[in-house]
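The analysis underlying the following values was restricted to heavy atoms, covering all of them including side chains, and did not include hydrogens, waters or symmetry mates. Starting from 1, each residue takes its place in the sequence as its number. This structure is a prediction, so every number in the text was calculated from the model and none was measured.
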Amino acid sequence: QVQFVESGGGSVQPGGSLRLSCAASGVTLDYFAIGWFRQAPGKEREGVACFRYIGGTTYLVDSVKGRFAISRGSAKNTVYLQMNNLKPEDTGVYYCAADRKGSCLRSGEGYYSWGQGTQVTVSS
């Protein structure tokens with residue numbers, strides 16, 4: 001079964017940048033989109049971005065538009081989340097997951113094979 005590993009998190013000051021990577025392992029790539037989500041302590045999980053392989057369509061939540069960008073690597077097994085001009089409210093654990101149908105729902109419904117997450121901390 002496909003498994004995902006997130007990496008690239010860290011601690012930065014406001015205005016800094018990070019690039020997160022979501023790497024999939026497994027010979028069967030039976031999904032049509034990969035999404036990025038984040039969750040802060042005591043907060044609900046929030047959909048941040050989604051990359052749909054058909055047409056290379058990208059989706060971003062309003063709060064990160066103009067600052068974040070999601071893209072795929074040269075192979076289908078990797079998706080990146082470039083985060084610029086980071087703000088304290090961006091702090092949280094970032095997860096990636098596969099969307100079999102490619103619906104890119106912000107709620108996370110329809111996603112599976114969630115990774116363990118990578119911590120992003122933005123503070124002054």
Report whether [X] and [Y] are members of the same hydrophobic cluster (ILVMFWY, side-chain heavy atoms less than 4.5 Å apart, transitive linking).
{"X": "M83", "Y": "I70", "value": "yes"}
{"X": "Y95", "Y": "V64", "value": "no"}
{"X": "L86", "Y": "V61", "value": "yes"}
{"X": "V5", "Y": "V2", "value": "no"}

Point to revise | cation_pi(R100, F32) dist<6.0 Å, angle<=45 | key: no

Check your understanding: Side chains of S63 and E46: closer than 4.5 Å at any heavy-atom pair?
Key ->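 When only atoms from C-beta onward are counted, E46 and S63 do touch, with a gap below 4.5 Å.
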
Write down the atom of [X], the atom of [Y], and the distance for their closest heavy-atom approach.
{"X": "W36", "Y": "C22", "result": "CZ2-CB, 3.4 Å"}
{"X": "F37", "Y": "G47", "result": "CD2-CA, 3.3 Å"}
{"X": "A49", "Y": "L81", "result": "CB-CD1, 3.9 Å"}

Practice item. List in chain and number order the residues that pass side-chain contact (heavy atoms from CB on, under 4.5 Å) with S103, two or more places apart in sequence or in another chain; answer none if no residue qualifies. Key: D99, K101, L105

Review point. Using 30° and 60° as the class limits, which term best fits the ring planes of F68 and Y94: parallel, tilted or perpendicular?
Key: tilted

Review point. Which class fits the ring pair W114 and Y111: parallel under 30°, tilted 30 to 60°, perpendicular over 60°?
Key: tilted

**Study point:** Residues in salt bridge (charged side-chain N to carboxylate O under 4.0 Å, His left out) contact with R67, at least two apart in sequence or another chain
**Key:** D90

Exercise for review: Using salt bridge (charged side-chain N to carboxylate O under 4.0 Å, His left out) as the criterion, list what pairs up with E6, not counting sequence neighbours.
Suggested key: none

Exercise for review: Count the heavy atoms of every other residue, nucleotide or ligand shown that sit under 6.0 Å from CD of Q13, and state whether that count exceeds 12.
Suggested key: no

Check your understanding: Pairs in or reaching into residues 30-73: which pass disulfide (SG to SG under 2.5 Å), with residues at least two apart or in two chains?
Key -> C50-C104

Using 0.5 Å steps for rounding, measure from the [atom1] atom of [X] to the [atom2] atom of [Y].
{"X": "L18", "Y": "N84", "atom1": "CG", "atom2": "CG", "answer": "9.5 Å"}
{"X": "R72", "Y": "T58", "atom1": "CZ", "atom2": "OG1", "answer": "13.5 Å"}
{"X": "L20", "Y": "Q82", "atom1": "CG", "atom2": "CD", "answer": "8.5 Å"}

For residues 117-124, dump all side-chain donor-acceptor pairs below 3.5 Å to protein atoms at least two apart in sequence or in another chain.
from, atom 1, to, atom 2, distance (Å)
T118, OG1, G9, N, 3.1
Q119, NE2, T121, OG1, 3.3

Review point. Between the main-chain N or O of S107 and the side-chain N or O of R45, is there a donor-acceptor pair closer than 3.5 Å?
Key: yes

Check your understanding: Run the side chain to side chain contact (heavy atoms under 4.5 Å, CB included) check on F4 and Q116 step by step: do they pass?
Key -> CA-CA 8 Å; F4 292 96; Q116 290 76 35; over 6 Å; no

Practice item. Take Y59 and F51 through the test side chain to side chain contact (heavy atoms under 4.5 Å, CB included) and record every step on the way to the result. Key: CA-CA 7 Å; Y59 301 89; F51 181 91; over 6 Å; no

Point to revise | Results of side-chain hydrogen bond (donor to acceptor under 3.5 Å, both in side chains) for Y80 - residues two or more places apart only | key: none

